[in-house]
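Here the structure comes first, spelled out in structure tokens, and everything after it is commentary.
What you see is a predicted model; the values in this text were computed from it and never measured. Computed over heavy atoms, backbone and side chain alike; hydrogens, waters and symmetry mates excluded.
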Amino acid sequence: MNMLIGILCDVVRNASEFEKRETDVQSIAAHLMDIVHPLGFDRDQTSKDMLLRILQDVKAIQYLIVAGVDVVALMEDAHSLFDDVQGEVLSMVELSEVIALDRCTSGATIRALSRIRQMVQSQSTSMKECLREVQKIGNWQQREGSESICSA
């Protein structure tokens, strides 16, 4: 009987957390739409430039701080948020979900860790491509009889 009560309490707690998270995302989206409208951007979609402009707006920063968002971390992540997005555009709800994940009050979630993994993979892939280009240049220089790039 105690185990059943414990399971029911856990289910209710999880449902409550989910509802709170959804309410927070909707609230953040509504506030962002109010902030975006005077800046002259589309209220439904967000680009990297738009996010950077939002993060320069004093009213927006004040709201994000009150909402518990780590604004500095969001600014640092702004460039990488749009790297894996096709068309370089996020919906306002998607951006709000990302912002809700960047709140100081939220713990590490599988979703947040997955996003971090994707960013690391993306950076790793671009670094590998750069290294391949450097290697091609090095091979070309060796064939031409030039000194190696890395020689000291």
Side-chain angles (χ1 to χ4, degrees), residues 1-138 149-150:
M1 186 68 162
N2 287 337
M3 191 165 144
L4 179 62
I5 292 172
I7 291 171
L8 287 174
C9 289
D10 193 42
V11 168
V12 169
R13 182 180 52 86
N14 288 339
S16 173
E17 287 176 4
F18 177 79
E19 288 296 321
K20 179 163 179 12
R21 190 171 34 249
E22 288 298 312
T23 303
D24 290 346
V25 168
Q26 291 173 358
S27 173
I28 290 170
H31 278 84
L32 286 177
M33 286 182 194
D34 291 342
I35 291 167
V36 165
H37 184 65
L39 296 175
F41 288 108
D42 183 11
R43 294 170 57 116
D44 296 327
Q45 295 191 338
T46 311
S47 66
K48 187 187 312 185
D49 295 334
M50 179 178 163
L51 178 59
L52 293 174
R53 285 267 312 272
I54 290 171
L55 293 174
Q56 292 175 358
D57 185 61
V58 174
K59 185 177 161 184
I61 292 173
Q62 289 172 342
Y63 167 73
L64 291 172
I65 290 171
V66 168
V69 176
D70 186 350
V71 177
V72 175
L74 185 59
M75 284 181 160
E76 291 172 352
D77 290 344
H79 296 288
S80 60
L81 288 176
F82 294 89
D83 286 346
D84 296 328
V85 177
Q86 297 209 358
E88 300 281 324
V89 175
L90 289 172
S91 71
M92 193 60 75
V93 174
E94 290 171 330
L95 177 65
S96 300
E97 288 174 353
V98 170
I99 290 174
L101 287 174
D102 281 341
R103 292 178 45 199
C104 301
T105 57
S106 62
T109 62
I110 299 297
R111 189 180 213 179
L113 294 174
S114 176
R115 196 177 105 228
I116 291 169
R117 183 186 56 79
Q118 288 173 345
M119 285 190 280
V120 169
Q121 280 180 331
S122 173
Q123 294 298 320
S124 174
T125 302
S126 64
M127 288 179 73
K128 285 178 185 177
E129 290 171 5
C130 288
L131 288 173
R132 282 188 198 112
E133 291 298 317
V134 168
Q135 187 177 20
K136 286 179 187 177
I137 292 170
I149 296 173
C150 299

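- Within the 3.5 Å criterion, the main-chain N or O of Glu19 finds a donor-acceptor partner in the side chain of Thr23.
- Taken from CG in Asp57 to CD in Gln62, the straight-line distance is 8.5 Å, to the nearest 0.5 Å.
- Within 6.0 Å of CD in Gln121 there are more than 12 heavy atoms belonging to other residues, nucleotides or ligands.
- One distance of note links CD1 of Ile54 with CD1 of Ile61; it measures 11.0 Å at 0.5 Å rounding.
- Under the salt bridge (Lys or Arg N to Asp or Glu O under 4.0 Å) criterion, the residue pairs touching residues 5-16 are Asp10-Arg13, Arg13-Glu17, with sequence neighbours excluded.
- Using a 4.5 Å cut-off on side-chain heavy atoms (C-beta onward), Leu64 and Leu55 make contact.
- Distance check, rounded to the nearest 0.5 Å: OG of Ser124 to CD of Glu129 gives 10.0 Å.
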